[in-house]
Amino acid sequence: MLKNFDKENQEYVDYVIEDVTQAIAKKYNLNLTTAHDSFLHSQTYQLLIKNPKLYWHDSSDYFYDLWQNEQKYGHPIPSFLLELEGKI
């Protein structure tokens, strides 16, 4: 268990980690260990574990989007903000 999350927070974090890992592995043709490590060493992951309750309304797709943009732009930012700024 990470930090001292209650059961609901831990279940949410685990769900996001699993889904994002799967998405990274599939998109970039990586094995699950490499994809998992990539996510766990990201700023996006740090946002998730800092306070999971802030993100309960967000799906794992949101975190995958943040992770992808972090890889491209160096920090996690949602695509909709990049669109508003005319960057994508």
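Partners of Asp61 according to the side chain to side chain donor-acceptor pair (under 3.5 Å) rule, which considers only residues two or more places apart in sequence or in another chain, do not exist here.
For the residue pair Ala25 and Ala35, the shortest heavy atom distance occurs at N-CB, 3.7 Å. Of all the heavy atoms in Pro76 and Thr44, the pair that sits closest is CB-OG1, 3.4 Å. Across all non-hydrogen atoms, the minimal contact from Tyr73 to Lys87 is OH-O, 3.8 Å. Shown here for Tyr55 and Leu47, the closest heavy-atom pair between the two residues is CE1-O, 3.3 Å.
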Exercise. Run the side chain to side chain contact (heavy atoms under 4.5 Å, CB included) check on Ile49 and Phe5 step by step: do they pass?
Worked result: CA-CA 9 Å; Ile49 65 167; Phe5 293 147; 4.0 Å; yes
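Contact check for Phe80 versus Asp65: no side-chain heavy atoms found under the 4.5 Å cut-off. No side-chain heavy atom of Asn69 sits less than 4.5 Å from a side-chain heavy atom of Pro78. Using a 4.5 Å cut-off on side-chain heavy atoms (C-beta onward), Tyr12 and Leu48 make contact. Between Tyr15 and Ser59 there is a side-chain heavy-atom pair separated by less than 4.5 Å.
Ile17 and Tyr28 end up in the same hydrophobic cluster when Ile, Leu, Val, Met, Phe, Trp and Tyr side chains are linked at under 4.5 Å.
Under the 3.5 Å distance criterion, the side-chain polar atoms of His36 are left unmatched by any main-chain donor or acceptor of Leu32. Not a single donor-acceptor pair under 3.5 Å links the side chain of Asn9 to the backbone N or O of Pro52. Listed for the Ser42 side chain is a donor-acceptor partner under 3.5 Å among the backbone atoms of Phe39.
The line from CG of Leu30 to CD1 of Ile24 is 8.0 Å long, rounded to the nearest 0.5 Å. For the atom pair CG (Leu40) and OG1 (Thr21), the distance works out to 6.5 Å, reported to the nearest 0.5 Å. Taking CG of Asp14 as the start and CD of Glu18 as the end, the distance is 8.5 Å to the nearest 0.5 Å.
Applying the 6.0 Å contact sphere to CG of Asn29 captures no more than 12 heavy atoms from other residues, nucleotides or ligands. By the 6.0 Å contact criterion, CD on Gln43 is enclosed, its count of non-hydrogen atoms from other residues, nucleotides or ligands being greater than 12.
In this model, a donor atom of one side chain and an acceptor atom of the other lie less than 3.5 Å apart for Gln68 and Tyr64.
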